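All remarks here apply to the structure that follows.
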Amino acid sequence: MKGFAMLEIGKVGWIEKEEPVCGPLDALVKPIALAPCTSDIHTVWEGAVGERENMILGHECCGEVVKVGELVKDFKPGDRVLVPAITPDWNSLEAQAGYPMHSNGMLAGWKFSNFKDGVFGELFHVNDADGNLALLPDNIEPEEACMLSDMVPTGFHGVELADVQFGDEVLVIGIGPVGLMSVAGANLRGASRIIAVGTRPVCVEAAKFYGATDFISYKDGPIAKQVLEMTNGKGVDKVIIAGGTVDTFAEAVECLKPGGKIGNVNYLGSGDYVKIPRVEWGVGMGHKQIQGGLMPGGRLRMEKLAKLVSVGKLDLSKLITHRFEGFDHVEDALMLMKEKPADLIKPVVRVEK
Ligand code: NDP
Ligand code: ZN
């Protein structure tokens, strides 16, 4: 079978591979639509997961089941399915402890295009099919379904980590597709003021659509200074970090109220340490919590998030700015993600009708 792969750090191309083997609990799936992710760019061009040779890329798609193992109960060939980017081993101790994303190792629930071939192949393997697949509702179009693999659950996980409550004033740092879903999630959870940080006009427009009430640019000076000015020096209740650098944490701590919480879903690609400003952290006693997490993945979450879309409470169409038809366009979509032109939020490739 054919797949679009990372050949080595900094190099991509089409390769031929053997079809994956389907174990008794597993499924083989062919993509219907797929999307590249900022994480694919980190993987190939920044060596984020280390050196990988001839590894098929991709972890965002929806697909059609082609084969299932003999112990799979709820899925059969021909089913159209949602596929989460994170596919935990649900019988692991970590999953039992409530951290399925770290099943059998830190971040090891992330398998596609990390420990094994990803979804940019003619076929791909899904471990623990009953625990990780979900049926694609008829009224969700495949392109939008791709946003349920990673963008929605990751953005929403930032909201969970920050523990957004009714009426909270929330700062969302970074309004690429992940941060946009944090805005949408914070809005659904009843945030009052949502201050969004980002500059691309298309993202600012989308953030407004998803519920942001105020906007600042990190290019206009320190984020914390701007937020404190806007909040009469008091700061915000919650911060979600979905963009920026290791230094962004210091800003987040500075503009957070005592008792506030920070939820980080941003990938920290460089810098050895995250610095926490001593005084603004209440000299160690400010009750300012910082949590960072990989989204949990799995079937239940996919089913629940998909319901938000199918009943009309979450419109994913605003995330998709570029559409391609045909598997061969995977490369174009990935390169677009790498270049991040100003009018891009997410590109999607429709592979099959
Ligand atoms: P994008 O690159 O599309 O968006 C990044 C956002 O951050 C943009 O709004 C950008 O602003 C803003 N930004 C850039 N630099 C700064 C800065 N110095 N200070 C504040 N804001 C800044 O990324 P995605 O939305 O696709 O992904 C966001 C992050 O989430 C990535 O690091 C990605 O790897 C990570 N991720 C994490 C996952 C998880 O499970 N934890 C899963 C998927 C992704 P501008 O408008 O100027 O571009
Ligand atoms: Zn992704």
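Computed from a predicted structure; not experimentally measured.
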Q) M335, L7: one ILVMFWY side-chain cluster at the under-4.5 Å cut-off? A) yes
Q) Any side-chain heavy-atom pair from F120 and L34 closer than 4.5 angstrom? A) yes
Q: Treating Ile, Leu, Val, Met, Phe, Trp and Tyr as nodes and any side-chain heavy-atom pair under 4.5 angstrom as an edge, say whether L256 and Y218 lie in one connected cluster.
A: yes
Q) Any side-chain heavy atom of H102 sitting closer than 4.5 Å to one from L107? A) yes
Q: Can you establish whether the number of heavy atoms outside E8 located under 6.0 Å from its atom CD is more than 12?
A: yes
(Q) Taking the side chain as everything from C-beta on, heavy atoms only, tell me whether L336 gets closer than 4.5 Å to P341. (A) yes
Q: May I ask you to test the L161-N264 pair for a side-chain heavy-atom distance under 4.5 Å?
A: no
(Q) For K288, is there any backbone N or O sitting under 3.5 Å from a side-chain donor or acceptor partner on W281? (A) yes
Q.
What I'd like to find out is whether the side chain of I86 reaches to under 4.5 Å of the side chain of P296, using heavy atoms alone.
A. no
Q.
Distance check, rounded to the nearest 0.5 Å: F75 atom CZ versus N132 atom CG?
A. 9.5 Å
Q.
Applying side chain to side chain donor-acceptor pair (under 3.5 Å), can you list everything that pairs with T87, at least two apart in sequence or on another chain?
A. N127
Q | Side-chain donor/acceptor of D130 to backbone N/O of K73, under 3.5 Å | A | yes
Q: State plainly whether the residues R301 and E160 are in salt-bridge range, i.e. N to O under 4.0 Å.
A: yes
Q.
So for atom CG, which belongs to N232, do other residues, nucleotides or ligands contribute more than 12 heavy atoms lying within a distance under 6.0 Å?
A. no
Q) Rounded to the nearest 0.5 Å, what separation is found between the CZ atom of F215 and the CD1 atom of I194? A) 9.5 Å
Q: Quick one: pull up CE in M302 and CG in L136 and give me the separation to the nearest 0.5 Å.
A: 9.5 Å
Q: Could you tell me whether the side chain of N104 and the main chain of S92 form a donor-acceptor pair under 3.5 Å?
A: no
Q: Of all the heavy-atom pairs spanning D150 and M295, show the shortest one and how long it is.
A: CA-CE, 4.1 Å
Q. Any idea which heavy atoms bring S317 and E144 closest together, and the distance?
A. CB-OE2, 3.4 Å
Q | Side-chain (K17) to main-chain (N54) donor-acceptor, under 3.5 angstrom | A | yes
Q.
Between S149 (side chain only) and C61 (backbone N and O only), is there a donor and an acceptor less than 3.5 Å apart?
A. yes
Q) Should we count CH2 of W14 as having more than 12 external heavy atoms under 6.0 Å? A) yes
Q: Taking S217 for its side chain and G198 for its backbone only, find out whether a donor-acceptor pair lies under 3.5 Å.
A: no
Q: Indicate if V348 and L316 have the same hydrophobic cluster label, given that clusters are the connected sets of ILVMFWY residues with side-chain heavy-atom separations under 4.5 angstrom.
A: yes
Q.
Under 4.5 Å between side-chain heavy atoms, counting indirect links through other Ile/Leu/Val/Met/Phe/Trp/Tyr residues: same cluster for V197 and V164 or not?
A. no
Q. Has the side chain of K318 got a donor or acceptor atom that lies under 3.5 Å from a matching backbone atom of E205?
A. no
Q) With distance as the sole test, does S310 use its side chain to make a donor-acceptor pair with the main-chain N or O of N139 at under 3.5 Å? A) no
Q) Is E169 salt-bridged to K234, cutoff N-O under 4.0 Å? A) no
(Q) If you count heavy atoms of other groups shown closer than 6.0 angstrom to CZ of R323, is the number above 12? (A) yes
Q. Is a salt bridge present between K2 and D328, judged by a nitrogen-to-oxygen distance below 4.0 Å?
A. yes
Q.
Atom NZ of residue position K116 - does it have more than 12 heavy atoms of other residues, nucleotides or ligands inside 6.0 Å?
A. yes
Q.
Quick check: closest heavy atoms across E60 and P36, and the distance to 0.1 Å?
A. OE1-O, 4.0 Å
Q: Just say parallel, tilted or perpendicular for the rings of H42 and Y267, cut-offs at 30° and 60°.
A: tilted
Q. Distance from T321 atom OG1 to I345 atom CD1, nearest 0.5 Å?
A. 5.5 Å
**Q.** From CA spacing to verdict: side chain to side chain contact (heavy atoms under 4.5 Å, CB included), R200, K340
**A.** CA-CA 10 Å; R200 279 180 275 160; K340 292 245 161 92; 4.0 Å; yes
**Q.** Charged N-O contact under 4.0 Å between E303 and K307
**A.** no
Q) Going through the checks in order, is the side chain to side chain contact (heavy atoms under 4.5 Å, CB included) test met by C255 and L171? A) CA-CA 9 Å; C255 62; L171 173 69; 3.6 Å; yes
Q. Should D163 and Q289 be marked as a side chain to side chain contact (heavy atoms under 4.5 Å, CB included) after you check the CA-CA gap, both sets of side-chain angles, and the distance that decides it?
A. CA-CA 10 Å; D163 189 25; Q289 292 183 35; over 6 Å; no
**Q.** Flag, side chain of S113 to backbone of G118, donor-acceptor distance under 3.5 Å
**A.** no
(Q) Going by side-chain contact (heavy atoms from CB on, under 4.5 Å), V236 matches just one of V170, V172, V227. Which one? (A) V227
Q | Distance (rounded to the nearest 0.5 Å) between L57 CG and L334 CG | A | 6.5 Å
Q: Return yes if some donor-acceptor pair links the side-chain N/O of Y99 with the main-chain N/O of L93 below 3.5 Å, else return no.
A: no
Q: Please report the closest heavy-atom contact between M6 and E51, naming both atoms and the distance.
A: CE-OE1, 4.1 Å
Q: Answer yes or no: is there a side-chain heavy-atom contact under 4.5 Å between C62 and E143?
A: no
Q | Contact check, side chains of I56 and M1, non-hydrogen atoms, under 4.5 Å | A | yes
Q | Considering all heavy atoms, the nearest P347-M337 contact | A | CD-SD, 3.5 Å
**Q.** Hydrophobic cluster identity match, L294 and F156, side-chain contacts under 4.5 Å
**A.** no
(Q) Would K30 pass as a cation-pi partner of F327, given that its NZ or CZ must be under 6.0 Å from the six-membered ring centre and within 45 degrees of the axis? (A) no
Q.
Let's go through L300 and K304 carefully: what are the C-alpha distance in whole Å and the side-chain angles of both, what is the deciding distance for side chain to side chain contact (heavy atoms under 4.5 Å, CB included) to 0.1 Å, and is it a yes or a no?
A. CA-CA 6 Å; L300 180 64; K304 286 192 170 187; 4.1 Å; yes
Q) In this structure, which one of V239, I173, L268 forms a side-chain contact (heavy atoms from CB on, under 4.5 Å) with F249? A) L268
Q. Are P20 and F124 close enough that some pair of their side-chain heavy atoms sits under 4.5 Å apart?
A. no
Q) What's the spacing between L123 CG and E64 CD if we round to 0.5 Å? A) 10.5 Å
Q | Least distance between heavy atoms, L188 atom then L308 atom | A | CD1-CD1, 4.1 Å
